[in-house]
Every structure is written in C-alpha cells, then in structure tokens.
There are 2 protein chains.
Amino acid sequence: MNYKIKSRIWIEVGNNVLLGEGRVRLLKAIEKTGSLSKAAKSLKISYKKAWTLVDAVNKSSKKPVTESSIGGVGGGGAKLTSHGKDLISAFDEINKSCWKHLDQELEKLYNL
Amino acid sequence: MNYKIKSRIWIEVGNNVLLGEGRVRLLKAIEKTGSLSKAAKSLKISYKKAWTLVDAVNKSSKKPVTESSIGGVGGGGAKLTSHGKDLISAFDEINKSCWKHLDQELEKLYNL
DNA sequence: TATCGTTATATTTGCAAGAACATAACGATG
DNA sequence: CATCGTTATGTTCTTGCAAATATAACGATA
C-alpha cells in the first residue's frame, strides 16, 4: 500500500544534542571545503547559524570535533579533528543500519 | 561515555505523513477518552490543533482511522476504527523495535 | 423547542526561531 | 603597516507556525 517509514536519529551526551543529521551535513561540508564560511555557503545557511551549530557540537563533545585557525593568508580555515571524523562515520553507519532495519519492519504494514 | 541515541520515526503514504509519534499519542488519547476535545485537553493542546491532526491522518489514510458523531446526548464523540487500532499497534511495534536496534548500535560509540 | 457538550472550521494574535545586519579580531604576506 | 578572507560574536529585524478566539452545526433529550 505504498507505505514508507522514515526516521531521524541523533546522538545525545548528557542532556545536550551532540550530532544530528543537520550537524553531520555541516561537518561534512567543512571537511570538503576546509572552511566554515564556505561550508555555510554550500549549504545555503548563514555563517552565523553554521558557527552556532559547530560551537554547540564542540561544547557538548569533550574532545573537540573541529579545529580552526584565524587570520593568515586566506583568512584562516576550519577542519575536522580525527575524533570528528570518527564520530561522523559512526553516525553514518548507525543511520544506515537504522534505515535498513526499518525497511525490514515495513512488512508489518503489508496488510494495513 | 554516556552517549544516547534517540530517534523519531514516521510513516508516510504517498507524499503525506500518515502517522508520527504526536499523532499516535493523540489517537491513543482519543481511544482512552472517547472524545477529541477531551483528548486534546489531556494532551494540553488546543482542540483546533488536535482536530487538524486527526483530519490530516484521515485524509492521508485510505480507510478512515477515526469515527466521530456530532450532537446528541453528551454532544457527540470520537473513537478509533479497527483499522486505526491496527495502525497504532503496528507503529508501536516498529518504534520499539527501532529503539532496541539502536540500543545495540550504541556499541559503535564505545571508544569515542 | 431550549439546552448541552461536542465536532467542525475560519480568523486573528502572539511569539520564538531564524535571517539579516554589523563589527571586532586575527595573522601571513607583500 | 595595509590588505584580505576568514573566525567569532552581538544585535536587530522578519516571518512562519502555534496559540487564542470566535462561531456555526449537530442531534438526543427532557
């Protein structure tokens, strides 16, 4: 009957959100562009919003997830720490596994 | 390291949302109270919001999910159809199974 | 036929999240 | 030491969504 199951997952540490889909998308864009402002542009969100998100991620994580440099040639930049990369790939794995699992659960709707 | 994985799932049919956690909560309250207005009160949402939600559910489902009567002694009421009950229990099962699965996935964060 | 508590719906109001704007600081380089 | 593109923040402005408000319709009952 054309049913689809969709999901959204996120990781919390303590009472704070650490990573969700939007944050992961932003972190990946930072990895690709090497800069927070370019990442923001590529996702069509304001620099301010991107900065606030990254700040929240770093504040709720004990080890930092991004590293940034200010000034210098090119103005500076931002990149992921290895811990950040690990977190992202863990998130992706968990997310994919969740989708797969939900696809199997679809059968529970077959006769509805 | 105190990580928690949270999730939110919903069922779509075509391009419309059929059921999500909020809608299921509302339908259960209707089942318990026998009335849309009482259900809304118990969930502390406006009658309008509750009505809009139920209307959306019934519009995106081919078979109706609730049945309502207007007027008469007591003013009328609303209750779930058997199809509605089936949908709710399927949703609950899928949701619980998803939580369980995500709990197992937590191990992927152990050393992060 | 007046009453009552409900369903059903339109319209207005309020507010909070996000967008937009502004500005300071930074450091390599020429 | 002026320039440049970035990071890092604070402040104001907007707007979409939720809440509040209003009102019609309904039908069993006494």
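All heavy atoms count here, side chains included; hydrogens, waters and symmetry mates do not.
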[X]: partners by side-chain contact (heavy atoms from CB on, under 4.5 Å), with sequence neighbours left out:
{"X": "Lys48(B)", "result": "Ser46(B), Thr52(B)"}
{"X": "Ser89(A)", "result": "none"}
{"X": "Ser61(B)", "result": "Leu18(B), Val65(B), His83(B)"}

Which atom pairs link the protein and nucleotides 13-17 of chain D when you take only N or O atoms and keep those under 3.5 Å?
none

Margin query: Run the salt bridge (Lys or Arg N to Asp or Glu O under 4.0 Å) test against Glu93(B) and tell me which residues pass, sequence neighbours left out.
Written below: Lys108(A)
Next item on the list: Kindly write out the residues that satisfy salt bridge (Lys or Arg N to Asp or Glu O under 4.0 Å) with Lys59(A), not counting sequence neighbours, or none if the list is empty.
Entry: Asp55(A)
Notebook entry, point to check: Which pairs pass side chain to side chain donor-acceptor pair (under 3.5 Å) with one or both residues in residues 23-42 of chain B, sequence neighbours excluded?
Noted result: Lys28(B)-Asp92(B), Ser35(B)-Ser37(B)
Check: With the sugar-phosphate defined as primed atoms, P, OP1 and OP2, and the base as all remaining atoms, what B/S/- string results for nucleotides 6-27 of chain C, 5' to 3', for protein heavy atoms under 4.0 Å?
Finding: BBBBBB-------S------BB
Checklist line | Hydrophobic cluster (4.5 angstrom, side-chain heavy atoms) - remaining members for Val17(A) | finding: Trp10(A)
